[in-house]
Structure formats: C-alpha cells, structure tokens
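A short write-up of the structure that comes next.
Computation of the quantities below employed the complete heavy-atom set of this structure, encompassing side-chain atoms and omitting hydrogens, waters and symmetry-equivalent molecules. Chain A is the first sequence line, chain B the second, and so forth, proteins listed ahead of strands; every chain is numbered from 1.
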Amino acid sequence: MREMATWLVKSEPSTYSIDDFKREKKTLWEGVRNYQARNYLKEMKKGERVLFYHSNAKEIGIVGVGKVFKEAVPDPSQFDPESDYYDEGSSESTPRWFCPELQFLHKFPRVLTRDELSAQKPLREMVILQKGSRLSVTPVSEKEYQEICALVGWDDT
DNA sequence: GCCAACGTTGGC
DNA sequence: GCCAACGTTGGC
C-alpha cells in the first residue's frame, strides 16, 4: 500500500466555492471530464487530504482543505440528460467518469495566492503552478503540503 | 477581453 | 495513426 497522498482540486468559486463547501460539509466531486484527472480521482483513498484551489477568481490560490470522505463511484451526472455534465457516450454498465465524495475540513484564514505560492522555492515543482497546467485534479507532494501548511499556519494533526 | 496552452475531434 | 481545426481553460 502506498503512503497517504495529498491532492489539490481546482474550482471556479462562481461555480463552487470554499464557502459552498463549508456550508455543505460534504460534496460529491462531480463533473470532471478529463481522463487524467479522472484517474487521479479514482486513486484517492479515504482520509487523504485535499487542498481546495480557486481558479478564475478575484483572488486565485489555495483557500482551504478537506479530505476524501468516500472513494470514487460512478459520477451520476454523466447519466443525466439534464445535466451540463451529461455524457451520452457513457452507460451505467460501463461508466466513464467517477467522483469521490469530499468532506470539508477547514477554510484558511486567508488565500494563499498564486503569487505567494510561486515565490516559494519548495513549491517550484507544484503541478498547479506550472505554466499551462489545466488539470483540475493534481497530486501534491508531502514536501509541498508541509510547506503550504507552514505558510498558512495550519496545524495538520 | 485576450490569448497561449492544452485536450478532443474527425477527415484522411 | 496523423494532425489540422476547433473548443475550452485559466492566468493575466
């Protein structure tokens, strides 16, 4: 068994924000329609940490943290013709898209902005910070996670 | 609003 | 299987 992983999920706050997450406590991470991101979603294990990132926002950056509450199941929105995420090429017998359920843990007291993150040497390799990175789900290394916790004063115990 | 980067589609 | 065209993402 591999070690506990840490992940980062990206969301536009106009679609789903950290405040929505905080209010709902738990959320099914539906609507990811990219194969690499899908594979990461399927790798997520219960209890693993998930950093929450706001993209396309006034303040772009990491805004909080949650954890994997339930491992990935077939994404129900792919079967719903009314949904924006409907995929007519998928079927219940051979689902194409999967989503875990995430649980809210903590909203950071401030946004760890992209500029601030980019200025940190230990975060130089962070996937989300790479130019042109569009993946909405990415792995975060232990070193990166520790650095982020230290930056924002989040005591992960 | 612009546009570079990227993923997907579809003709061949 | 290649690759041009197209649509989308997301930082600026």
Side-chain angles (χ1 to χ4, degrees), chain A residues 5-24 27-44 48-68 71-102 104-141 143-152 154:
Chain A
T6 300
W7 306 93
L8 182 146
V9 298
K10 196 159 63 173
S11 181
E12 299 193 16
S14 60
T15 303
Y16 193 85
S17 72
I18 187 73
D19 292 321
D20 296 325
F21 192 21
K22 183 176 184 179
R23 185 170 355 97
E24 293 188 353
T27 183
L28 208 51
W29 204 248
E30 294 177 296
V32 172
R33 295 293 180 266
N34 168 283
Y35 287 102
Q36 196 177 345
R38 188 271 315 263
N39 293 342
Y40 285 140
L41 289 178
K42 289 173 82 169
E43 276 184 46
M44 291 184 175
E48 290 182 337
R49 302 291 177 180
V50 181
L51 295 168
F52 199 101
Y53 178 96
H54 279 173
S55 64
N56 268 322
K58 203 173 291 176
E59 276 195 298
I60 295 166
I62 299 172
V63 290
V65 60
K67 66 180 178 181
V68 179
E71 295 175 16
V73 296
D75 181 339
S77 67
Q78 71 195 302
F79 308 125
D80 177 7
E82 302 298 303
S83 170
D84 286 345
Y85 304 124
Y86 178 61
D87 181 353
E88 62 174 9
S90 184
S91 69
E92 307 240 9
S93 55
T94 54
R96 184 176 287 172
W97 308 110
F98 292 80
C99 59
E101 188 169 11
L102 305 183
F104 176 84
L105 274 186
H106 183 66
K107 178 183 175 179
F108 291 152
R110 63 187 180 86
V111 178
L112 281 175
T113 65
R114 194 175 169 84
D115 284 348
E116 182 177 0
L117 297 168
S118 298
Q120 312 302 320
K121 244 186 196 160
L123 302 183
R124 200 160 277 176
E125 307 288 312
M126 255 194 107
V127 183
I128 193 79
L129 299 178
Q130 306 311 307
K131 186 180 160 74
S133 170
R134 288 169 56 178
L135 263 189
S136 64
V137 184
T138 54
V140 174
S141 76
K143 181 182 75 173
E144 290 162 353
Y145 181 60
Q146 293 305 330
E147 175 72 13
I148 288 159
C149 289
L151 270 179
V152 76
W154 166 242

Length of the line joining A:Ile60:CD1 and C:dT9:P, which is rounded to integer Å: 15 Å

Closest to side chain of A:Arg114, choosing from B:dG7, C:dG10, C:dG11: C:dG11

Gap between atoms CD and P, on A:Glu59 and C:dG10 respectively (whole Å): 18 Å

Test salt bridge (Lys or Arg N to Asp or Glu O under 4.0 Å) applied to A:Asp75 and A:Arg33, step by step: CA-CA 10 Å; A:Asp75 181 339; A:Arg33 295 293 180 266; 3.0 Å; yes

Position toward the 5' end of DNA chain B (nearest nucleotide), A:Lys131 or A:Asn56: A:Asn56

A:Tyr40/A:Trp29 under ring-ring contact (aromatic ring centres under 6.0 Å, His included): CA gap, chis, key distance, verdict: CA-CA 12 Å; A:Tyr40 285 140; A:Trp29 204 248; over 10 Å; no

Gap between atoms CD1 and C1', on A:Ile128 and C:dG10 respectively (whole Å): 10 Å

Interatomic distance where CG belongs to A:Leu129 and P belongs to C:dG11 [whole Å]: 10 Å

Below 4.0 Å: OP1/OP2 of C:dT9 and any side-chain N or O of A:Tyr53: no

Evaluation steps, ring-ring contact (aromatic ring centres under 6.0 Å, His included), between A:Tyr145 and A:Trp7: CA-CA 9 Å; A:Tyr145 181 60; A:Trp7 306 93; over 10 Å; no

Length of the CZ-P vector between A:Arg96 and B:dT8, whole Å: 11 Å

Atom pair distance, as rounded to whole Å: CD in A:Glu88 and P in B:dT9: 11 Å

Plane angle bin for A:Phe21 and A:Phe104 - parallel if under 30°, tilted between 30 and 60°, otherwise perpendicular: perpendicular

Separation of atom CG in A:Leu135 from atom P in C:dT9, rounded to whole Å: 13 Å

